[in-house]
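A short write-up of the structure that comes next.
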Amino acid sequence: MKIGIVCYPTFGGSGVVATELGLELSKRGHKIHFITYKQPVRLELLSKNVHFHEVHVPEYPLFHYQPYELALSSKLVDMVKLHKIDLLHVHYAIPHAYAAYMAQQMLKDDGIFIPIVTTLHGTDITLVGSHPFYKPAVTFSINKSNAVTSVSESLKRDTLRLFNIKNEIQVVPNFIDIDKHQPNFTDCQRSMMANEDEHIITHISNFREVKNIPDVIKVFYNIQREIPAKLMMVGEGPEKEPAENLVEELGISDKVVFFGNSNEIDRILCFSDLFLLPSETESFGLAALEAMASGVPVISSNSGGLPEVNKDGFSGYLSYVGNIKEMTVNALSILRDKKVLDAFKANAKSQSLNFDLHAIVPKYEVIYKKTLSDYLVK
Ligand code: GMT
């Protein structure tokens, strides 16, 4: 099958999932065309089955806002025609589903029929999409998609609650390439980051408000008062500077490392003992799954889809958003006893196996085949 994938190319779960999906589909013999404004961050190598087409938006002074949707839908029309793409899979409803629908209609005029699969990722529904400014367009795009998937049961429920959806929503959870998280590289350089007696605690995100970054730091602050520990903060975003200030205010700068964005999170996770994700809302929590795949237990909030990923008392612990005290107690209960820590590490790894890409990517293939045949019959 020739599949066009539209996603955000930046560091963020939806772009990562879209990229990993495209790469795996290419290994399974499909021809994948990524169509976006920049080469996706996890797309390092192009090959005979993996292509990247950049969407250019020419700056024109008349426009206060440059019309990306228009440029994207035109590019989709051109690429579908040029590469004879069979199906478009768009990740994140805004504005991708909307642009894909416009492309579909333009192509129809030329006698070309192409179905659209839309995957909802979270903030496109819970934070941005449901805003009255966007809601009618998002509802329309979801209802006009030929198939709709969401990354968790929780996100499906939120979508049905917030929008007037007439389409069926199929849940296809996010997945992980277990092989990429095998500690098979020799350079797991724990000793460079911490002393032997120090536990390493990690947080990875795009440092947006929704991630509750101050809670990460407060939980860590409490932990390091009890046991020797270091905190690795990985990612970039608007909450990073306030986080650096808070760390300084609390007098723990020597115990916290800010990494910035990284394409090698497996190398950071390989020496981590615990992962913190106290988010306000999280449709799935791909970062938590990546941690678990590296054998790192997770202390998270219980919001959104996190309970579908992190199993309370098994792969880590779940607490209500903002319950810093409980998160601290739970973290210490794991870290204080080596036997308990080892058991949680093994459990985290085994829980992550439920999201093995070899089991989940075929679910998308089934959806593609059905969507294509249903659409062409119509
Ligand atoms: O978490 C973010 O702010 C980024 C966002 C995105 O769209 O890339 O992540 C969302 O999609 C991920 C992949 O499906 C999920 O793992 C994240 O939980 C979800 N984020 C939120 O719901 C806040």
Side-chain angles (χ1 to χ4, degrees), residues 5-22 24 34 36-38 40-43 89-97 117-131 134 138 148-159 161-162 169-177 203-213 215-216 234-240 243 261 265 275-293 298 300-310 318 321 352 354-355 357 360-361 363-364:
I5 293 186
V6 181
C7 64
Y8 282 104
T10 46
F11 285 91
S14 63
V16 168
V17 168
T19 308
E20 300 284 357
L21 173 63
E24 179 60 18
F34 287 98
T36 183
Y37 60 82
K38 206 173 72 187
V41 288
R42 291 232 184 144
L43 183 63
H89 186 176
V90 302
H91 292 259
Y92 210 90
I94 311 168
H96 301 152
V117 176
T118 296
T119 291
L120 310 173
H121 278 276
T123 43
D124 48 350
I125 297 303
T126 50
L127 292 182
V128 194
S130 54
H131 191 283
Y134 296 117
V138 173
V148 182
T149 75
S150 84
V151 298
S152 63
E153 293 289 346
S154 153
L155 181 60
K156 175 177 173 175
R157 283 194 299 274
D158 283 342
T159 310
R161 181 173 50 82
L162 293 166
I169 300 178
Q170 303 178 63
V171 175
V172 182
N174 288 332
F175 51 83
I176 191 89
D177 185 349
H203 169 80
I204 304 174
S205 77
N206 54 13
F207 283 63
R208 309 229 162 244
E209 216 179 321
V210 69
K211 302 294 170 184
N212 275 341
I213 302 292
D215 288 9
V216 174
V234 186
E236 294 286 348
E239 294 298 309
K240 188 174 169 192
N261 284 327
I265 53 148
F275 190 81
L276 297 180
L277 195 63
S279 306
E280 185 71 32
T281 166
E282 201 71 67
S283 71
F284 183 89
L286 185 68
L289 176 59
E290 292 189 319
M292 284 158 42
V298 174
S300 70
S301 64
N302 60 8
S303 68
L306 280 168
E308 294 170 48
V309 180
N310 184 19
L318 298 154
V321 173
S352 75
N354 294 325
F355 301 91
L357 99 170
I360 293 177
V361 170
K363 292 181 197 281
Y364 279 117

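Atoms within each ligand, like the ligands themselves, are counted from 1 in listed order.
- Residues Ile213 and His203 are in side-chain contact: their nearest non-hydrogen atoms beyond the backbone lie under 4.5 Å apart.
- Taking every heavy atom of Asn174 and a limit of under 4.0 angstrom, the matching atoms of ligand 1 come to 13 (C), 14 (O), 16 (O).
- In this structure, Lys363 places its NZ atom where only 12 or fewer heavy-atom neighbours from other residues, nucleotides or ligands lie under 6.0 Å away.
- Taking every heavy atom of Asn206 and a limit of under 4.0 angstrom, the matching atoms of ligand 1 come to 2 (C), 3 (O), 4 (C).
- Interface of Tyr92 with ligand 1, defined as ligand atoms under 4.0 Å from a residue heavy atom, comprises 7 (O).
- For ligand 1, the atoms sitting less than 4.0 Å from at least one non-hydrogen atom of Thr281 are 23 (C), numbered in the order shown with element in parentheses.
- With distances taken over non-hydrogen atoms, the option nearest atom 19 (C) of ligand 1 out of Gly12, Ser283, Gly13, Ala287 is Ser283.
- Annotation: side chain of Phe284 is not in contact with side chain of Leu155 (no heavy-atom distance under 4.5 Å).
- Ranking protein heavy atoms by distance to atom 8 (O) of ligand 1, first place goes to Ser14 N, 2.8 Å.
- Between Lys211 and ligand 1 there is a heavy-atom distance shorter than 4.0 Å.
- Using modelled atom types, no side-chain atom of Ser300 and backbone atom of Leu277 make a donor-acceptor pair closer than 3.5 Å.
- Looking only at heavy atoms of the protein, atom 5 (C) of ligand 1 is closest to Thr123 OG1, 4.1 Å.
- Applying the 4.0 Å criterion to heavy atoms of His121 picks out, from ligand 1, the atoms 10 (C), 11 (O), 13 (C), 14 (O), 19 (C).
- With rounding to the nearest 0.5 Å, the separation of CG in Asn310 from CD in Glu282 is 11.5 Å.
- Note on ligand 1: Glu282 sits in its first shell, one or more heavy atoms being nearer than 4.0 Å.
- Applying the 4.0 Å criterion to heavy atoms of Leu286 picks out, from ligand 1, the atoms 16 (O).
- By the 6.0 Å contact criterion, OH on Tyr37 is enclosed, its count of non-hydrogen atoms from other residues, nucleotides or ligands being greater than 12.
- At least one N or O atom of Gly285 sits closer than 3.5 Å to an N or O atom of ligand 1.
- Contact check on Lys156 versus Glu308 returns no salt bridge, with no Lys/Arg side-chain nitrogen under 4.0 Å from an Asp/Glu carboxylate oxygen.
- Between atom CG of residue Leu286 and atom OG of residue Ser205 there is a gap of 12.5 Å, rounded to the nearest 0.5 Å.
- The shortest N or O to N or O distance between Phe284 and ligand 1 is below 3.5 Å.
- Close approach to Val151 involves these atoms of ligand 1, each under 4.0 Å from a residue heavy atom: 14 (O).
- When each of Gln170, His96, His89 is paired with Thr119, the side chain to side chain donor-acceptor pair (under 3.5 Å) condition holds for His89 and for no other.
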